[in-house]
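This report concerns only the one structure given below.
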Amino acid sequence: MSASRETVQDPALPAICVEAQHRLGRTLRSFYERTVDGQPIPLDQVDLLLRLRHRERELQRQR
């Protein structure tokens, strides 16, 4: 089953309006940019990201 993030919703969680989603996204992005964005990525996380990307490409080739 393939569904986009916009259409997948846990029925146990309350829905929030699009405006609130955008406001929350802007707030989180701003917080991230002020705190984390300037920091280097630890090597173990780089390795994890590379392995995930490799696996993602394998799955795409199988389709």
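Residues: numbered from 1 along the sequence shown.
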- Query: Thinking salt bridges, do R55 and E58 make one under a 4.0 Å N-O criterion?
  - Reply: yes

- Task: Mind checking the CG-CD spacing from L24 to Q21? Nearest 0.5 Å is all I need.
- Result: 8.5 Å

- Item | Residue list, side-chain hydrogen bond (donor to acceptor under 3.5 Å, both in side chains) with R51, at least two apart or on another chain | D47

Please determine whether the number of non-hydrogen atoms from other residues, nucleotides or ligands lying under 6.0 Å from atom [atom1] of [X] exceeds 12.
X: L52; atom1: CG; value: yes
X: L59; atom1: CG; value: yes
X: E56; atom1: CD; value: yes

- Who are the salt bridge (charged side-chain N to carboxylate O under 4.0 Å, His left out) partners of R29, not counting sequence neighbours? none

- Item | Short side-chain to backbone donor-acceptor contact, S30 and R26, under 3.5 Å | no

